[in-house]
Protein chains: 2
Amino acid sequence: MGVTTMQDVADRAGVSIATVSYVVNGTKAVTPATRAKIEAAMADLNFQRNRAARALAIRRTQNLALVYPALERRLGATSVEFLTSAATAANRSDYHLTLWPVSNDAVGLKDLLSAGLVDGVLLMEVLLDDPRVTTLRDAGTPFAMIGRTADPSGELYADIDFDATVSAALDRLESLGHRYVALIGERGGTGALPGYGPQVRTDEAFARLVAERGLRSVTVGCEQTASAGSDITQQLLAEHPEVTAILVRNEQATLGVMVGVRQAGLRVPDDVSVIALGTTGDISTMSSPALTMMQSPGEELGRLGVEILVDYLESGTRTPPQLVPCTFLPGASVAPAR
Amino acid sequence: MGVTTMQDVADRAGVSIATVSYVVNGTKAVTPATRAKIEAAMADLNFQRNRAARALAIRRTQNLALVYPALERRLGATSVEFLTSAATAANRSDYHLTLWPVSNDAVGLKDLLSAGLVDGVLLMEVLLDDPRVTTLRDAGTPFAMIGRTADPSGELYADIDFDATVSAALDRLESLGHRYVALIGERGGTGALPGYGPQVRTDEAFARLVAERGLRSVTVGCEQTASAGSDITQQLLAEHPEVTAILVRNEQATLGVMVGVRQAGLRVPDDVSVIALGTTGDISTMSSPALTMMQSPGEELGRLGVEILVDYLESGTRTPPQLVPCTFLPGASVAPAR
DNA sequence: CTGAAAGCGCTTACAG
DNA sequence: CTGAAAGCGCTTACAG
């Protein structure tokens, strides 16, 4: 029932409570015979050491906070993967993950930190210029970012490798003969944060890579709805009829882009290839033809974020930045250039 | 820095630590003058009482576990809303929400409970016959369900009001002259759990309500992909050409259904109206025409679940079951019957 | 109204 | 290798 205490175990094993603690934690060497008695007693009593008491004694809670913006940005299905993976990774290291929805302006963040509730913070949806990072740094709270600020040097973080992601998408398109590629991103709308890293870094990577490869290109943005995606796509294809491939980094607009191609009198993928960037696999099966996509590594980022943070907490190790490319998810929306 | 202790406050205010505790917790009456001194000292020192010490002393952690199946069922965007709302509601009552992804067979659930890590559990994605419920009940852990088992009597829960939801959808269709309505649910696929409540209860409500209203109806199911949705829809419309409206309770297939209507040579909503049941608003803007839907009350369920649980923990109140209908989200996929 | 003191269940120098 | 005891920072009868 969880009411068994270390004292109960000690009594039953006929040893002191200190010795029980030594075997539970592996802190000190203990005679095999003594250890056996204690382990038997623990099994009999179904002993689980009390977290609160331990936390008080060692002055660490083994709790991690997952801080994310409650309202500012709608989190999609990728986030659930991310959360689950982070929580699972935490559990593996005997930590727990507490959900901490706060507003982006860092209100409420300070109170959290001083209550000694958590040992460290995992920060999601990091902005290029993020007040929460400043707050955490000033407070001296250990933290790791998922994403990164404009200048993240010296901080702990894991992020998407936007360069490798865009590069992989272009590789595939080039190999199929595409020479004129469009990028549709976000613009306006309630979900678009100013200085949102993934957007800015994707744009930069795209601009540089098409130049390096000598590809023709065009970049536009639209609000995060299907109809905006459809509209911008029709306009795009009217103004740049030679475009044969579109990269979309705008989850809500993606399916609208597919519709827009059709409404322009063209077919996916026969006339125009479409690759969705950085979304979750769900959307692929939701569309027909199934979308070809570069899938966000939500699971890997969740795990890495926790590992980086825990390593730092446990051993002071400052793991270098971890950049993970999106993974290619085959679909039916890409074909050779017409 | 969080290192200020109650003793520090007591020293600075020139009182005993007990008195500080009294004003912090409002446990006992304290002279206005004394209170003022203590409050000033707390403000000066930026005091936050230590959670672990408090938890140890009062034998309650003020932590809640959010238990959900890590792998068995893909959680969609509704879940994020739900999580956020639950966490926010918990914070409002000075509780915290810890993520607890476990497998559906309840492995790992027992350890959680005996470590005294949480005071109660919020259970998501409840099955009609759910082993986790048995485990929790046997362990004597306070818990509240989001959803419910086949016989939830005596338990604490909040769930969707499937009757009211289907009824509202039918109201709308009937008022537009629809007399022959199809329901497309889930079947097979990796995400379909045997005895998944929302599916079973929607089917039951639909069957009963169409009978009561004297509507013609047909019920089918398909896997959770757009292509399955498209296929089943074409087949459905071929076999039942007089169907003028479709309810879809299969998030992944929904957009496929729209495609299927078109491929059957019909238009949405001119020839066939479509209403999505129990999904998140995201999907509405992702489709064009925008989907009309009955939106899952994720936010309300998250809040209610926590409130029910906290009320029970704090005062032993057993709030009666809370059933919340999905809310109508207007779109462009419904029109008068042809 | 206020305080001294025991107790919550662990951990960890320190002594033996 | 094992144990007695102090201490982590609170809460709460109990006494005054």
Side-chain angles (χ1 to χ4, degrees), chain A residues 1-39 41-42 45-63 94 96 113-119 314, chain B residues 1-39 41-42 45-63 94 96 113-119 314:
Chain A
M1 300 283 89
V3 290
T4 325
T5 147
M6 207 171 250
Q7 189 58 254
D8 297 335
V9 175
D11 292 349
R12 175 175 260 254
V15 296
S16 85
I17 185 185
T19 309
V20 176
S21 178
Y22 299 147
V23 351
V24 169
N25 298 301
T27 342
K28 285 192 185 180
V30 166
T31 299
T34 311
R35 165 185 305 277
K37 276 190 302 185
I38 292 173
E39 280 171 347
M42 292 201 296
L45 300 173
N46 192 233
F47 171 72
Q48 291 273 120
R49 74 186 162 195
N50 180 291
R51 303 287 291 211
R54 176 176 163 79
L56 182 57
I58 68 175
R59 252 152 304 183
R60 299 198 297 118
T61 59
Q62 310 225 121
N63 266 142
D94 203 24
H96 294 285
L113 305 175
S114 43
L117 187 77
V118 300
D119 300 333
E314 308 254 277
Chain B
M1 303 279 87
V3 291
T4 325
T5 145
M6 208 171 248
Q7 189 58 256
D8 297 334
V9 175
D11 291 348
R12 175 176 259 256
V15 298
S16 85
I17 185 185
T19 309
V20 176
S21 178
Y22 299 147
V23 350
V24 169
N25 298 301
T27 342
K28 286 193 186 179
V30 166
T31 300
T34 312
R35 166 185 303 278
K37 277 191 302 184
I38 292 174
E39 280 171 347
M42 291 202 296
L45 299 173
N46 192 230
F47 171 72
Q48 291 273 123
R49 74 183 164 199
N50 179 291
R51 302 287 290 212
R54 176 174 163 81
L56 182 57
I58 67 176
R59 254 152 304 184
R60 300 199 296 119
T61 59
Q62 311 224 120
N63 267 140
D94 203 25
H96 293 286
L113 305 175
S114 44
L117 186 76
V118 301
D119 300 334
E314 308 253 278

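Residue numbering restarts at 1 for every chain, and letters A, B, ... go by the order of the sequence lines.
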- Any idea which of C:dG7, C:dT11, C:dT2 is nearest the B:T19 side chain? C:dT2
- Query: Does A:T61 use its side chain to pair, donor to acceptor, with the backbone of A:A55 at less than 3.5 Å?
  - Reply: no
- Residues two or more places apart in sequence or in another chain: which of them pass salt bridge (charged side-chain N to carboxylate O under 4.0 Å, His left out) with A:R51? A:D94
- Query: Does B:Q48 reach the side chain of B:T4, with side-chain heavy atoms less than 4.5 Å apart?
  - Reply: no
- According to the Watson-Crick and G-U wobble definition with distances under 3.5 Å, which dot-bracket string, read 5' to 3', encodes DNA chain D, using [ ] for crossing pairs and | for pairs with another strand? |||.||||||||.|||
- Item | Spacing of B:L45 atom CG relative to D:dG9 atom P, expressed in whole Å | 14 Å
- Note on the structure: In numerical order, the residues of residues 8-18 of chain A whose heavy atoms come under 4.0 Å of DNA chain D are A:V15, A:S16, A:A18
- Query: Which nucleotide in the set D:dG9, C:dT12, C:dC10 lies at the smallest distance from any side-chain heavy atom of A:N50?
  - Reply: C:dC10
- Query: Judged by atom type as modelled, is there a donor-acceptor pair below 3.5 Å linking the side chain of A:N25 to the main-chain atoms of A:S21?
  - Reply: yes
- Results of salt bridge (charged side-chain N to carboxylate O under 4.0 Å, His left out) for B:R59 - residues two or more places apart only: none
- Query: Would a 4.5 Å heavy-atom cut-off, applied to side chains only, mark B:M42 and B:M6 as touching?
  - Reply: no
- Task: Output the residues of residues 24-37 of chain A in contact with DNA chain C, where contact means a heavy atom of the residue under 4.0 Å from an atom of the strand; sort by number or write none.
- Result: A:N25, A:K28
- Message: Using modelled atom types and a 3.5 Å cut-off, is there a donor and acceptor pairing between side-chain atoms of B:D119 and backbone atoms of B:Q62?
- Response: yes
- Less than 4.5 Å apart, any side-chain heavy atom of A:V23 and any of A:K28? no
- From the options D:dC14, D:dG9, C:dT11, select the nucleotide whose nearest atom is closest to the side chain of B:Y22. D:dC14
- Looking only at C:dC10, D:dA4, D:dC10, the nucleotide nearest the B:M6 side chain is D:dC10
- For A:T34, enumerate each residue passing the side-chain contact (heavy atoms from CB on, under 4.5 Å) test, keeping only those at least two apart in sequence or located in another chain. A:V15, A:T19, A:V30, A:T31, A:I38
- Taking only the side-chain nitrogens and oxygens of A:R59, find out if one of them lies under 4.0 Å from OP1 or OP2 of C:dT11. no
